[in-house]
Amino acid sequence: MALDPQCLSGRNAVVVGASSGINLGVAHRLGSLGAQIAIVSRSPDRIAAAADALRADGLDVTHHAGDVREATAMQAIMTEIADAKGPIDIVVSGAAGNFFVPAAKMSANAFKTVIDIDLIDTFNVLSAAYPHLKRPGAVLVNITAPQAERAMPMQAHACSAKAGIEMLTRCLALEWGVEGIRVNAVSPGPIADTEGLARLATDAELAKRIRDALALPRFGQLIDIGNAVAWLCSEAASFVTGTTINCDGGMRLGNLYAPG
Ligand code: HXC
Ligand code: NAP
């Protein structure tokens, strides 16, 4: 079912981790459906360039630089956005860092770094937004990954962080639902032309193996994730909370008979 082209008209949306890749695609999709967008990430230059790209497509965008590992930085950004634009309708929390390293060679700080950027940040972002959320009606969407359920070698930190994000999603849905706040997650499979996939599929042969192991043997596109997030944010999903939408081509199914 196609989304109504104005289904997010006037909504005040914040997308965190949106200087590139999947989250930038989500910001573009929410903006194209009528939302006014605030994008957030760590690098001032990269987030400014992303905002310029969105504005070039006619979207209504502000940009804000801050490290998601710093709760006070997220609080200042959410306050700035709410002071300027009013109560926040939509928050997408998707900042992440990842690298592939066997657990036996992973330093304590390497494990902590990914937990901090992927999991602690989700708490920092959502709890910073909480005082400013529109009640009832706000929608929060966390970006997770198939690694939340499916163990992967060299991904002990990311698997643990994403599993934590999915449980945090359910806990906050339970606590905040009574205020009319919905909390969900979207789990992308491998998405073409992204940093995450480049780090996972380091050569063409590995990329082919990953693609052929999917139930739907193609890499996802940015618009696939943009549509999943937009649907969760729309009125069409008004009774949906505490769940993860697996937009992953079937990666979680774990195809034991994959070719190659
Ligand atoms: C082993 C590594 C490492 C590597 C870093 N470390 N890279 N260990 N192998 N390749 C260790 C460091 O030695 C250090 O530990 C600790 O991790 C912190 O490293 P820093 O460089 O100081 O961290 P920081 O500057 O904060 O950078 C974080 C980062 C970086 C994650 C390392 O790559 C980053 O900022 N990435 C953001 C973009 C990104 O990763 N995008 C992909 C997201 S995709 P010691 O002990 O030496 O101090 C994703 C899922 C994809 O999340 C799913 C696909 C299906
Ligand atoms: P990406 O382009 O590298 O985007 C990562 C974003 O996180 C960037 O905007 C980056 O900002 C931001 N970020 C990282 N560390 C930060 C910090 N400490 N503080 C603030 N912002 C920080 O990655 P991607 O591949 O599109 O992935 C986006 C999301 O999708 C992630 O949650 C990832 O786990 C998930 N995912 C991706 C795939 C895939 O195939 N790519 C699959 C499953 C799940 P700066 O540029 O400013 O550093």
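Remember, it's 1-based here, ligands and their atoms both numbered in the order they're listed. Keep in mind it's a predicted model, so treat the numbers as computed, not measured.
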Item to check | Heteroatom proximity flag, G94 to ligand 2, N/O under 3.5 Å | outcome: yes

Next on the checklist: With respect to D118, determine whether any N or O atom, backbone or side chain, lies less than 3.5 Å from an N or O atom of ligand 1.
Outcome noted: no

Next on the checklist: Does ligand 2 come near enough to V68 that some N or O of the ligand is less than 3.5 Å from an N or O of the residue?
Outcome noted: yes

Checklist entry - Do the numbers put R182 on top of the ring of F239, so that NZ or CZ is under 6.0 Å from the six-membered ring centre and no more than 45° off the axis? => result no

Checklist entry - Side chain, backbone, both or neither: which part of R42 comes within less than 4.0 Å of ligand 2 when only heavy atoms are counted? => result both

Checklist entry - So, for atom 46 (O) of ligand 1, does the protein have a heavy atom nearer than 4.0 Å? => result yes

Item to check | Region of A18 that comes within reach of ligand 2 [heavy atoms, distance under 4.0 Å] | outcome: backbone

Checklist outcome for this item: The option among L200, D45, D121, D67 carrying the non-hydrogen atom nearest to atom 18 (N) of ligand 2 is D67

Checklist entry - Is there a donor-acceptor contact under 3.5 Å linking the side chains of T62 and K85? => result yes

Item to check | contact_flag K162 ligand 1 heavy-atom lt 4.0 Å | outcome: no

Next on the checklist: Check contact between A65 and ligand 2, using heavy atoms of the residue and a distance below 4.0 angstrom.
Outcome noted: no

Item to check | A158 near ligand 2 by a heavy-atom separation under 4.0 Å | outcome: no

Checklist entry - Can you find a non-hydrogen atom of P190 under 4.0 Å from ligand 2? => result yes

